[in-house]
Amino acid sequence: MATRRTKASCENCFFRQNLLCAVAGDTPCASFRPNHPEGLRPPSQLRFVFRQERALQVAWAFPTPAEQVALHA
Ligand code: SF4
């Protein structure tokens with residue numbers, strides 16, 4: 001699905017279009033949400049991806065004898 005990107009501006013903002021903006025000025029702020037015909041839409045959910053290498057690695061292990069020698073030599 002291709003997403004169409006619009007430039008953030010107060011004129012395109014859902015809050016300004018619905019008279020819900022209480023911010024003075026015409027500079028877009030962090031609350032900008034594009035005004036879609038179906039109203040506010042939540043941002044798309046991030047996909048949960050398992051990393052294969054993480055599934056195979058242990059989080060912690062005792063150092064090997066060689067590593068102990070190097071550490072305490
Ligand atoms: S919420 Fe922010 S971006 Fe939207 S109209 Fe108000 S100031 Fe502009």
Side-chain angles (χ1 to χ4, degrees):
M1 183 174 115
T3 57
R4 190 176 47 143
R5 298 206 176 224
T6 58
K7 189 169 187 272
S9 71
C10 291
E11 288 75 35
N12 300 341
C13 181
F14 170 85
F15 299 108
R16 180 66 52 91
Q17 295 280 323
N18 292 284
L19 306 176
L20 297 171
C21 176
V23 179
D26 286 332
T27 306
C29 71
S31 298
F32 171 82
R33 295 293 182 276
N35 188 27
H36 290 291
E38 57 267 18
L40 279 184
R41 295 189 301 189
S44 59
Q45 189 91 23
L46 294 178
R47 300 187 72 188
F48 197 67
V49 178
F50 289 99
R51 292 185 181 170
Q52 194 60 33
E53 68 270 12
R54 281 266 174 93
L56 299 175
Q57 289 179 343
V58 294
W60 189 85
F62 286 103
T64 62
E67 290 171 337
Q68 287 283 49
V69 168
L71 191 65
H72 299 287

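Everything numeric here is computed off the predicted structure, so don't read it as measured data.
Across every non-hydrogen atom of Cys10 and Arg16, the tightest pair is O-CB, 3.1 Å. Smallest separation of non-hydrogen atoms from Arg33 and Phe15: CG-CE1, 3.9 Å.
To the nearest 0.5 angstrom, Asp26 atom CG is 9.0 Å from Cys21 atom SG.
Contact annotation: the side chain of Asn35 never approaches that of Leu40 to less than 4.5 Å [non-hydrogen atoms, C-beta and beyond].
With hydrogens and angles disregarded, no donor-acceptor distance shorter than 3.5 Å links the side chain of Gln17 to the backbone of Phe14. Of the possible donor and acceptor atoms, none in the side chain of Asn12 sits under 3.5 Å from a partner among the backbone N and O of Ala8. The closest donor-acceptor contact from the side chain of Gln68 to the backbone of Pro63 lies at 3.5 Å or more, if one exists at all.
The 12-atom threshold is exceeded at CD of Glu38, counting heavy atoms of other residues, nucleotides or ligands nearer than 6.0 Å.
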